[in-house]
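Step one of this worksheet: look at the structure below.
Counting starts at 1 for both ligands and their atoms, following the listed order. We number each residue from 1, following the sequence as shown.
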Amino acid sequence: MICRTSEISKQDGKEVTIRGWVYRQRILGDNVFLVIRDAFGIAQCVIKKDAVGEKMHKEASEIFIESSVVVSGTVKKDERAPGGAEIKATKLEVISRGEAFPIQKDLSEEYLLDVRHLWLRSRNMNLIMRARHHIVNYLREWLDSKEFFEIAPPMLTKAGGEGGADMFELEYFGDTASLTQSSQLYGEAMIFSLEKVYTLAPSFRAEKSRTRRHLTEFWHLEPEMAWHGQKENEEVQEQLLSYAIGKMVENHSDLLQGLGQDVEKMKKVKPPFARIMYDDAVEKVNELGGKMKHGNDPGTEDELLLAGAFDKPVFVKNYPKEIKAFYMREDPDHPGTVLNADLLVPGVGEIIGGSERIWDYNELMERMNQSKMNIKTYQWYIDLRKYGSVPHSGFGLGIERFIRYILNVEHIRDTIPFPRTMSRLEP
Ligand code: ATP
Ligand code: MG
């Protein structure tokens with residue numbers, strides 16, 4: 001039976017077989033030490049000539065790292081070995097003897113991106129990709145437990161009348177299509193059937209900004225909820241994020257620690273999150289040394305300053321309506337501002353944008369006309385307000401930004417296997 005590398009210390013004295021890739025090779029006298037990695041960790045094997053024979057011993061001593069192998073032998077506890085045990089090999093089978101591996105020490109970031117298809121085997125990438133899988137699963141798990149339905153939105157859409165600068169356009173049988181920037185409007189259509197829905201899909205944005213938090217293709221989790229105002233919307237966000245973080249701390253703190261994250265810090269991320277009004281946020285940013293003008297969106301630096309002042313995520317609420325999207329409902333209690341909140345976290349800045357949507361037909365038409373929008377392209381969306389409209393709200397969480405926050409990853413590109421940015425479309 002094949003044993004995982006991470007399990008061998010439980011097999012002291014037993015015969016095991018492991019399989020994987022050569023992570024390190026070292027020759028000490030007549031002994032060859034091979035460290036083998038698989039999806040879950042590494043294990044050390046010692047290959048002695050008298051145990052495996054001359055031919056296998058020679059193969060082991062000439063092997064390149066990243067060759068794929070199957071090793072059988074007896075487990076012996078050994079404090080010096082990684083994981084606290086070592087396999088005394090009786091058999092080594094080289095499945096594919098690799099060529100000299102092109103990734104050695106101290107290579108530039110750019111080169112590592114060029115050989116991303118190989119760099120994904122590195123320990124950090126392995127930990128991040130495993131954690132990513134679990135984070136996404138926990139988000140889905142919470143939504144499922146609250147009776148949200150996952151729906152499948154289109155990625156190809158009719159180019160909007162806005163001609164947005166950050167839209168990818170493509171030729172579509174003589175017409176122009178664009179890659180979706182958000183699935184929200186489709187989510188809104190589905191609440192009239194399913195009430196609470198979410199999409200988990202890529203969004204595409206031709207972002208020209210080279211920042212540590214922008215990709216041109218990112219995964220976007222977008223819940224949309226009938227009968228929910230902005231207050232309930234924020235509560236859903238708090239609970240959803242705290243659940244995923246709590247589960248990561250509870251079940252995968254080894255991954256967090258392996259990546260240098262402070263697990264104690266993440267344990268404290270529990271509802272309620274902090275809340276601040278946009279007007280007060282502008283003042284606070286400037287008190288903290290920023291230079292934010294009222295009526296502007298906070299820049300990255302402003303967001304980091306503000307988020308850094310709280311030890312929990314913070315909702316920034318009620319932005320001026322002029323700087324927010326046409327579908328956000330004006331706050332009757334604070335005219336001129338909308339019922340929205342961006343959620344900011346320390347070290348990353350904005351990870352969620354959310355709002356209550358305009359659900360009244362006339363209000364929507366008025367706002368769209370003010371914003372000089374192409375009514376024809378959005379006719380189907382406007383239609384939703386004609387037949388039994390209901391109060392509703394929703395939000396968009398950038399999966400990669402959330403992962404950056406939970407795992408303390410410096411750059412967004414390392415939270416996704418094959419990052420897409422302005423300067424990178426390969427591999
Ligand atoms: P920013 O101001 O940082 O560009 P945004 O206001 O454009 O963000 P929204 O349109 O509200 O963002 O999108 C919702 C969420 O999607 C954001 O809070 C963020 O987590 C994520 N997101 C948006 N653009 C990107 C991007 N280019 N790369 C990665 N994630 C993104
Ligand atoms: Mg943006």
### Query
Counting heavy atoms only, which part of Arg213 comes closer than 4.0 Å to ligand 1: side chain, backbone, both or neither?
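Answer for Arg213: both.
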
### Task
Mind checking whether Arg401 contacts ligand 1 via backbone (N, CA, C, O), side chain (CB onward), both or neither, at a 4.0 Å heavy-atom cut-off?
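Near ligand 1, Arg401 shows its side chain, while the N, CA, C and O stay back.
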
Within the structure, does [X] bring an N/O atom to less than 3.5 angstrom of an N/O atom in ligand 1?
| X | value |
| --- | --- |
| Ile351 | yes |
| Glu303 | no |
| Phe218 | no |

### Task
State, without any angle test, whether Glu283 and Asn286 hold a side-chain donor-acceptor pair at a distance under 3.5 Å.
no

Provide, to 0.1 Å, the distance between [atom] and the closest protein heavy atom, together with that atom's residue and name.
| atom | result |
| --- | --- |
| atom 15 (C) of ligand 1 | Gly396 O, 3.5 Å |
| atom 1 (P) of ligand 1 | His214 NE2, 3.6 Å |
| atom 5 (P) of ligand 1 | Glu350 OE2, 3.9 Å |
| atom 28 (N) of ligand 1 | Leu215 N, 2.9 Å |

### Task
Give a yes or no on whether the ring-centroid distance for Tyr378 and Phe326 is below 6.0 angstrom.
yes

#### Entry: Tyr243 six-ring face occupied by Lys146 cation (under 6.0 Å, within 45°)
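Relative to the ring axis of Tyr243, which defines the angle, Lys146 lies outside at least one limit.
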
### Message
Can you see whether Phe40 has Arg4 sitting over its ring - NZ or CZ less than 6.0 Å from the centre and within 45° of the normal?
### Response
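Satisfied, under 6.0 Å and within 45°.
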
### Summary
Judged by heavy atoms only, the candidate from Gln181, Arg205, Arg413 nearest atom 10 (O) of ligand 1 is Arg205

### Message
Which of the numbered atoms in ligand 1 are under 4.0 angstrom from any heavy atom belonging to Glu207?
### Response
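Every atom of ligand 1 under 4.0 Å from some heavy atom of Glu207: 24 (N), 26 (C), 27 (N).
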
### Task
Could you list the atoms of ligand 1 found under 4.0 angstrom from a heavy atom of Ile412?
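So the atoms of ligand 1 that pass are 29 (C).
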
### Task
For the pair Glu363 and Arg357, find out whether any cationic side-chain nitrogen is under 4.0 Å from an anionic carboxylate oxygen.
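No, Glu363 and Arg357 are not salt-bridged.
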
### Message
Regarding Glu410 and Arg212, does a basic nitrogen lie under 4.0 Å from an acidic carboxylate oxygen?
### Response
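Salt bridge: no.
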
### Message
Tell me the closest heavy-atom pair linking Asp297 and Ile323, and the distance in Å.
### Response
N-CD1, 4.0 Å

### Heavy-atom neighbours of Arg275 CZ exceed 12 at 6.0 Å
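Atom CZ in Arg275 is crowded, with more than 12 foreign heavy atoms closer than 6.0 Å.
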
